[in-house]
Undergrad: 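Shown below is the structure under consideration.
Residue numbers begin at 1 in each chain, while the letters A, B, ... track the order of the sequences.
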There are 2 protein chains.
Amino acid sequence: MSKESPRAKFLAEFPELVQELKSELVRYGMPAEAIKWYEDSLNYNTPGGKLNRGLSVVDTYAILKGYQSVDELSPDVYKKVALLGWCIELLQAYFLVADDMMDQSITRRGQPCWYRVKEVGDIAINDAFMLEAAIYVILKKHFKQEPYYVDLIELFHDVTFQTELGQLLDLITAPENSVDLSKFSLEKHSFIVTFKTAYYSFYLPVALAMYAAGVSDPQDLKQAHDVLIPLGEYFQIQDDYLDCFGTAEQIGKIGTDIQDNKCSWVVNKALKLASPEQRKILDDNYGRKDAECEARCKKLFRDLNIETHYREYEEKIAQELKDKIAQTDESRGFNADVLTAFLNKVYKRTK
Amino acid sequence: MSKESPRAKFLAEFPELVQELKSELVRYGMPAEAIKWYEDSLNYNTPGGKLNRGLSVVDTYAILKGYQSVDELSPDVYKKVALLGWCIELLQAYFLVADDMMDQSITRRGQPCWYRVKEVGDIAINDAFMLEAAIYVILKKHFKQEPYYVDLIELFHDVTFQTELGQLLDLITAPENSVDLSKFSLEKHSFIVTFKTAYYSFYLPVALAMYAAGVSDPQDLKQAHDVLIPLGEYFQIQDDYLDCFGTAEQIGKIGTDIQDNKCSWVVNKALKLASPEQRKILDDNYGRKDAECEARCKKLFRDLNIETHYREYEEKIAQELKDKIAQTDESRGFNADVLTAFLNKVYKRTK
Ligand SMILES: [Mg+2]
Ligand SMILES: [Mg+2]
Ligand SMILES: [Mg+2]
Ligand SMILES: [Mg+2]
Ligand SMILES: [Mg+2]
Ligand SMILES: [Mg+2]
C-alpha cells in the first residue's frame, strides 16, 4: 500500500464534515452567502497541512484496539475516530489563522494566509472563532451519547487554554519588532513549546484516542502525558535546530527564526553558553531583518558548538523517553506501542 | 436601597474570579509577566460595561426561586449564580475585543479599545481567545458536580456559535468601506440581530438562571426562547432607531450608524419604502464619512416617516409579547415575571 493512502483515506472524511456543518447553518436559516463563506473558510484553512495530528488519532486508536492497521477498523468506527482527528485539525486551523495575523505572516502551506485573501482581512478573526466552534458542533452531534462526552469537551477546553497560554508567553517574550534577549531563557522556551505545541500536537491526539478506545484510566492518561509532553518539547527543539542548521532540502523551506526574533532553543542555548562579548554579538544581531546579522548569529552558534549540544540533548532525551516507555504499565489495557510510534516519528526525523 | 447597589454587589464578585483564573496560571507554572498580562486583560475588558446581562442572571434566578430581591439569596448561592453572570460578561468581552478590531473602532466604554492599548496590538486576538477560555475554566471549577453541567457548556457553545454566525453575516453584509445596499434587507437585519445580539443578551441569561434554578424543562426553555428572541430583536431595532432619532442626552453618545454603513433597521425599513429616486439618494449618501451625506439620509428617513413606522412596530411587538407572556404555562415552575421584567426594561427605555 502506498504511503499516501492513510492520508488520502483520512482526507476523504473531510467533505462530509463540511456538509454537516453547512447543514447546521441551513437549519438556522442562515443566508446562502454566509454558508458559502463558512464553507470556503473550512476548506481553505483545515486540510492542506501534513495532518499528522489528525492521523495520529486513528493510528493510536488502532494500536489500542490491537489492530495491525487502520484498515482493519470498520467503516463506521473509522469515520467516528477520524472525526476526532479532524477536530484537532480544526483546532489547529483556529490557532493558525490567528497566529498568522499576529505574526503578520504572508503565506501558509503554500498559499496566502487566510487574512491576506481578498475580501477576508480582519473578518479572519471571526472565521477563526467559527473554526473552533465547529469542534463542539461535531462533538455534540457524534459523541453526545458516549460516556466520555464530557471528557472530550473538557480535554479540548483544557488543551485550547494551554495552547493559548503558550501563545501568549511567546507573543510577549519574542515580539517580532522589539528584540530584548534578556526576556529569553531555556526555562521560558521549555514553557512556551510545552504549552504552545506539545499539548495539542502530542498529548491531545493520544488522549482522544484513549477515550474513544475506553482506555482512559487517569493513571494511563498520565503515563501518556509524561512521555508525550517531553517528546513534544523534543520535537520543537528539533524543529528549532533544523530551522537554523537544516538544509533547505531537509526542511522544505528556508529557516527564518533568527531574523524573526524567535525564542528558539538555539538562541536560548547560545545565551546560556555565551561570554559577555559573545552575548553582545547576539544583542546586536539577533532578530534583525538582515542577512549579514543573521550570518553573524550563525557563526556564533557554530563557535559555541550548538550542533554538538543539540546532538547530546537529543541522544539523552531519546534514551530517557525509551526508558520511560519501557517501564509503561500495560495492566489496564494501555499499549506502550502508541508511545513508541510517536517517538519513532520524531527520532527518525533527525536522520 | 440605591439603584447602584445590585451592580456594586455583582461587581464585588469579580476580583475573586480574577484571582481564581490567576491561580490556574500559577498552577501551570506560568511566568509572572504572562499572569500579569492576563489579569490586565480580564480587568480591562470584562467589567466596565452596564453589566445588564450578568445582572439579569441573578435577577432571573431570584424570581424563579420566589424571592423578592437578590438580597434574599444566601451569600454562597449569590456567588455561584453571579459566576454564571460573569461568564456572560466574559463571553461579551471576547466578542467585543474582536469586534473592535474588525470594526477598527477607537474607543469602548470610555477608554481605548484593548487592541489600541500600547504593547497590545494584535496580541488582542489571543487575549480574546483567553477571555472565552475563562468561561470553561470557571464552569469546570464551580459546576462540574451539578447535573446541569453539560447543559451549561452546550448552552455556551451553542450561543457562542450563534453569535459568531450573526457577526459573520453582519461583516459580509455591511463592510464599513464598501457600500452595497442591495445586500441589505429587513429579513437579513432580523437574522443578524437575532443571532448577533438576541441569543447571548436575552436568551442566555435566562436559560442559565433556569438551569441553575432547576426550572429547565425543554418546554420552559422554549417558552423563554420564544419571548426573549423577538424581544432581543425589538431591543436592537430600538437601538438602531435611537442611534438615528435619539438625542445625544437620551442615548449618551452621538449616533454613527449612517456614516458607518450599518445594516440598521432604519435603513432597511427605508429601503423597503423608498421610490427609485429615494433609493438613489440612499445609494449615493449612505455609509459615507460625511456629515452632509448623513444629513441627506436623515432627511429621507423623515420624508419616509420612519419614526411613525417605528412607533407602529414598537406598539405591535410590545402587545404581541405581552400577550405571549400572559399565556405562559407556569405548571412546571417557570415564572412569567421573568419575561415581564425583561420586557419592562426594553419597553421603558423608549419613554
Ligand atoms: Mg507564526
Ligand atoms: Mg506566532
Ligand atoms: Mg520552526
Ligand atoms: Mg463594533
Ligand atoms: Mg461589528
Ligand atoms: Mg447601535
Side-chain angles (χ1 to χ4, degrees), chain A residues 24-25 28-31 33-34 37-38 41 94-95 97-99 101-104 119 121-130 132-137 139-140 144 149-150 153-154 156-158 160-173 175 178 183 185 187-188 191 194-195, chain B residues 24-25 28-31 33-34 37-38 41 94-95 97-99 101-104 119 121-130 132-137 139-140 144 149-150 153-154 156-158 160-173 175 178 183 185 187-188 191 194-195:
Chain A
E24 279 296 298
L25 273 55
Y28 280 135
M30 189 89 179
E33 67 267 34
W37 185 285
Y38 192 36
S41 166
Y94 158 68
F95 291 139
V97 166
D99 182 70
M101 297 183 80
M102 292 186 279
D103 292 345
Q104 292 174 51
E119 307 288 324
D122 287 340
I123 298 177
I125 300 174
N126 194 64
D127 291 330
F129 291 2
M130 290 181 64
E132 184 198 29
I135 295 166
Y136 302 101
V137 173
L139 291 182
K140 187 177 176 184
K144 189 172 169 59
Y149 175 54
V150 175
I153 291 176
E154 290 188 341
F156 268 104
H157 285 157
D158 290 348
T160 300
F161 191 50
Q162 287 158 336
T163 309
E164 290 159 3
L165 286 174
Q167 178 73 311
L168 172 59
L169 191 60
D170 191 25
L171 287 162
I172 65 178
T173 301
S178 146
K183 291 181 177 173
S185 72
E187 293 67 35
K188 220 177 260 179
F191 188 98
T194 296
F195 280 73
Chain B
E24 278 296 298
L25 271 57
Y28 281 135
M30 188 89 179
E33 67 267 34
W37 185 286
Y38 192 36
S41 166
Y94 159 67
F95 291 139
V97 166
D99 182 70
M101 297 184 81
M102 293 187 277
D103 292 345
Q104 292 172 51
E119 307 288 325
D122 287 340
I123 298 177
I125 300 174
N126 194 64
D127 291 330
F129 292 2
M130 290 181 64
E132 185 198 28
I135 296 167
Y136 302 102
V137 173
L139 292 182
K140 187 176 175 186
K144 190 169 168 60
Y149 175 53
V150 176
I153 292 176
E154 290 188 341
F156 269 104
H157 285 156
D158 290 348
T160 301
F161 191 49
Q162 286 157 336
T163 308
E164 290 160 3
L165 286 173
Q167 179 74 308
L168 172 60
L169 191 60
D170 191 27
L171 287 163
I172 66 179
T173 300
S178 145
K183 291 181 177 173
S185 71
E187 293 67 36
K188 219 175 262 178
F191 187 97
T194 296
F195 280 73

Undergrad: How far apart are the closest heavy atoms of A:Ile172 and B:Ala34, and which atoms are they?
TA: CD1-CA, 3.7 Å
Undergrad: I'd like to verify something: which residue of A:Asp158, A:Thr173, A:Asp127 has the highest number of heavy-atom pairs under 4.5 Å with chain B?
TA: A:Asp158
Undergrad: Answer with side chain, backbone, both or neither: which region of A:Ile153 has an atom nearer than 4.5 Å to a non-hydrogen atom of chain B?
TA: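 For A:Ile153, the contact with chain B is made by the side chain alone.
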Undergrad: Nearest 0.5 Å, what's the CD-CD1 distance between B:Glu164 and A:Ile125?
TA: 12.0 Å
Undergrad: Tell me, for A:Gln104 versus chain B, whether the close heavy atoms (under 4.5 Å) come from the side chain, the backbone, both or neither.
TA: side chain
Undergrad: Tell me, for A:Asp99 versus chain B, whether the close heavy atoms (under 4.5 Å) come from the side chain, the backbone, both or neither.
TA: neither
Undergrad: Check whether A:Lys144 gets within reach of chain B through its side chain, its backbone, both or neither, counting any heavy atom under 4.5 Å.
TA: side chain
Undergrad: With a 4.5 angstrom heavy-atom cut-off, which part of A:Glu187 approaches chain B: side chain, backbone, both or neither?
TA: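 No part of A:Glu187 comes within 4.5 Å of chain B.
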Undergrad: Can you tell which part of B:Lys188 gets under 4.5 Å to a heavy atom of chain A, answering side chain, backbone, both or neither?
TA: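 Contact with chain A: side chain only.
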Undergrad: Out of B:Thr160, B:Leu169, B:Leu165, B:Ile135, return the one with the most heavy atom pairs under 4.5 angstrom to chain A.
TA: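 Answer, by heavy-atom pair count under 4.5 Å with chain A: B:Leu165.
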Undergrad: Where on A:Leu25 is there a heavy atom nearer than 4.5 Å to chain B: the side chain, the backbone, both, or neither?
TA: side chain
Undergrad: Go through B:Glu24, B:Lys140, B:Glu154, B:Gln162 and name the one with the most non-hydrogen pairs under 4.5 angstrom from chain A.
TA: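 Among the listed options, the one with the most contacts to chain A is B:Glu154.
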Undergrad: Counting only non-hydrogen atoms closer than 4.5 Å, does B:Phe129 touch chain A with its backbone (N, CA, C, O), its side chain (CB onward), both, or neither?
TA: both
Undergrad: Look at A:His157, A:Lys183, A:Met101 and state which one has the largest set of heavy-atom pairs under 4.5 Å with chain B.
TA: A:His157
Undergrad: Can you name the nearest heavy-atom pair linking B:Gln167 to A:Asn126, along with the distance?
TA: CG-OD1, 3.5 Å
Undergrad: If I measure from the heavy atoms of chain A, does B:Glu119 come under 4.5 Å with its side chain, its backbone, both, or neither?
TA: neither
Undergrad: Can the ring centres of B:Phe161 and A:Tyr136 be said to be less than 6.0 Å apart?
TA: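 Between A:Tyr136 and B:Phe161, which both carry aromatic rings, the centre distance is not below 6.0 Å.
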